[in-house]
Protein chains: 2
Amino acid sequence: MEATDRKILHLLAADGRMSYTDLGKATGLSTSAVHQRVKRLEQRGLIQGYGAALNHAELGLPLTAFVAIRPMDPSQPDDCPERVSGFTEIESCWSVAGDDSYILKVRTATPAALEELLAQIRSAANVSTRTTIALSTYYENRPVTEG
Amino acid sequence: MEATDRKILHLLAADGRMSYTDLGKATGLSTSAVHQRVKRLEQRGLIQGYGAALNHAELGLPLTAFVAIRPMDPSQPDDCPERVSGFTEIESCWSVAGDDSYILKVRTATPAALEELLAQIRSAANVSTRTTIALSTYYENRPVTEG
DNA sequence: ATTGAAACTTTGTTGAA
DNA sequence: TTCAACAAAGTTTCAAT
């Protein structure tokens, strides 16, 4: 991994629709050289995909919350991520060190929808939940790269 | 906002590099009709941008953590987001309801780099920190849309 | 919302450094 | 192995309708 590839990754993280022509201009490479590098970065899994960042507040999902979960019965198989993966309100799922086993980031339309989702998560995964509601988002998913 | 626009948003959230031609095929619109709609969605701020999802683990930033912060002096002006926004390791910043004032999501190369970042956050914003380390990421930033 | 045409971009092939 | 040059296919963008 060297400087040119890192520059390409940084540019694509900031603008996922940038054309190969523009990436070439920005890196001093020809269009086809950049193209080859991007395909290789995709194949090696360094680029995992491309997405549009949506304005969830305007799209009917104004409520963002973090749900910390803890198994009720620590002796049971610990397959919470699979058990909850079908809930489309869950945007992210991490296992974490500390008092809780997992943290979920969820988006719902209303407090009532969040209440309903929490009940479903608890019964699907046999867990207790501790929820932290986001009041406002200052920034989210800024590109973070090394170098 | 109606069904066609929501479909376009959903498709772009899942594949931010999808061509207007393909978006047209998927929605039953002409290429230029989709193009017009996408531009309008961008202008109205419903699409906030496009990005590549990078594999941070492979890119030298394997450590993801959540930093819950609390002002040391609750009487001081509460401008933590501005005070910490210069730290490039911070990917997201939310203000939250509950015991803590803000939650930051950060990515670092090593535990030592995290330790250093926490010290800098504490001194830049005059806050105490409580950090939760992510052990593994099951999924992150799945497209979540209503409808 | 569509058509159609010009400009531009993508992507495969080929060959040079 | 990496890059550039070319060319065909595909995409974007802009009028006009």
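A, B, ... follow the sequence lines: proteins, then strands. Residue 1 opens every chain.
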*Asks:* Report the distance from atom CD of A:Gln36 to atom P of C:dA16, rounded to the nearest whole Å.
*Replies:* 16 Å

*Asks:* With respect to the phosphate group of D:dT11, does any side-chain polar atom (N or O) of B:Thr31 fall under 4.0 Å of OP1 or OP2?
*Replies:* no

*Asks:* Are A:Arg122 and A:Phe87 in a cation-pi setup, meaning NZ or CZ lies under 6.0 angstrom from the ring centre and within 45 degrees of the ring axis?
*Replies:* no

*Asks:* Without decimals, in angstroms, what is the distance between A:Lys39 NZ and D:dC3 C1'?
*Replies:* 18 Å

*Asks:* Within less than 4.0 Å of OP1 or OP2 of C:dT10, is there a side-chain N or O belonging to A:His35?
*Replies:* no

*Asks:* Using atom OH of A:Tyr20 as one end and atom P of D:dA4 as the other, report the distance to the nearest whole Å.
*Replies:* 17 Å

*Asks:* Give one of base, sugar-phosphate or nothing for B:Ser19, where a contact means two heavy atoms less than 4.0 Å apart.
*Replies:* sugar-phosphate

*Asks:* Does any donor-acceptor pair link the side chain of B:Ser32 with the base of C:dT3 at a separation under 3.5 Å?
*Replies:* yes

*Asks:* If I take atom CZ in residue A:Arg40 and atom C1' in nucleotide C:dG12, what distance separates them, rounded to the nearest angstrom?
*Replies:* 16 Å

*Asks:* Take atom CG of B:Leu29 and atom P of D:dT13, then tell me their distance rounded to the nearest Å.
*Replies:* 17 Å

*Asks:* How long is the line joining CZ of A:Arg17 and P of D:dT12, in whole Å?
*Replies:* 6 Å

*Asks:* Within 45 degrees of the ring normal and closer than 6.0 Å to the centroid, is that where the cationic atom of A:Arg17 sits relative to B:Tyr20?
*Replies:* yes

